[in-house]
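What follows is a short report on a single structure.
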Amino acid sequence: ASASATTAAPAAGGETKAGEAKAPEKDVKTTTLKLAFNQSEKHPQYLALSEMSDAFYEATGGAYRIEISPNELLGSQKDAFELVQSGTIQMAMVANSIVENVNPDFAVLGLPYAYDSVEHQKKVFTSGALDDIFASTEANNFSVMAAFTAGARCIYTDKPIQTPADLKGYKIRVMESQTCIAMLDAMGGVGTPMAQGEVYTAIQQGVINGGENNEITYADLKHYEVAPYFSYTRHLMIPDLLVMNTATLKGMSEEDQQTLKDLCKEYTEREFQLWDENLEGAIKTAEEAGAQFIDVDIAPFQEACQPVIDNVTMKSEGAKALYEEIRSLAN
Ligand code: GCU
């Protein structure tokens, strides 16, 4: 069951503040779709989603708006994901690794070195190559609406990491999935799964030696304060997934469903652009606070990760076919 709130929309022709969508047509009831987000209002995904909310409101004549709760206000990604499945909230942005726990084929989207470049990833996310896997989760009460980029993840700790040997004995926090743990182990360290919100304190207290993430999250969460060396291993371009309660989606008119799907594609592209625009600023913020960004020869890490790739792609025909399709879009 879905618990989306339906409220009377403001009367037509009312004043609108900058950045706020126009008032709906008269007598239209606005249904609010609650969306959980674990990062800040400055994050490119938040910016893209909030533009998308305005566009959806306009396109449906005020019938729908998406209300984003940032900063883990609705809980960690894992909690938010359960709330979407139960219909307590309608949408959430969650890391691909969380969905991988429901359909193991999703692991393919988050395999180390699966994408050669941002352009390659954009092609995969917008070409329709993922439509089948996105629809595969409906029996679990959620639909995957879009894959948003989250840049390229790299290792950060208390020293530069140039080779797998440098990671020996280093406990590095990873997202909560078997693939992420196996990947970090293969890279030479000790993969330690944990929710994002706990990482800063865990590094500070010496429970772990560091983490792995993109520059924007690294800067946003001030992880540079406790792990000032950011080494460009670029091992993981794992997407975040916009998930939606399936009953809520199917409860919308065919036309509104299509509108939302089209907007999800459009704002997938827009988020790539916003990511690009925000990247330099994040690096600068971290550098000004003393962080060092270190270039790394990725070849030894790539080689070390090959068994992880083989292990996931050998698990099912679907996984193998999807991996081949992703790779075929590389050029
Ligand atoms: C990135 C990603 C998030 C994820 C986080 C993490 O910031 O965008 O979805 O939660 O990494 O490491 O947990």
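All values derive from a computational prediction rather than experimental measurement. For ligands, and for the atoms within them, numbers begin at 1 and follow the listed sequence.
Salt-bridge check for E324 with K320: passed, with a basic side-chain N closer than 4.0 Å to an acidic carboxylate O. A salt bridge is absent between K123 and D116: the closest approach of a Lys/Arg side-chain nitrogen to an acidic carboxylate oxygen does not fall below 4.0 angstrom.
Residues M244 and L260 are in side-chain contact: their nearest non-hydrogen atoms beyond the backbone lie under 4.5 Å apart.
Ordered by chain and residue number, the residues placing a heavy atom less than 4.0 Å from ligand 1 are N38, Q39, Q77, A95, A150, R153, R173, M175, Q196, N213, N214, T217, D240.
Among the candidates D158, T192, N209, the single residue satisfying the side chain to side chain donor-acceptor pair (under 3.5 Å) test with Y170 is D158.
The cationic group of K261 does not satisfy the cation-pi geometry with F134, failing either the under 6.0 Å distance to the six-membered ring centre or the 45° limit from the ring axis.
Atom NZ of K284 has 12 or fewer heavy atoms from other residues, nucleotides or ligands within 6.0 Å.
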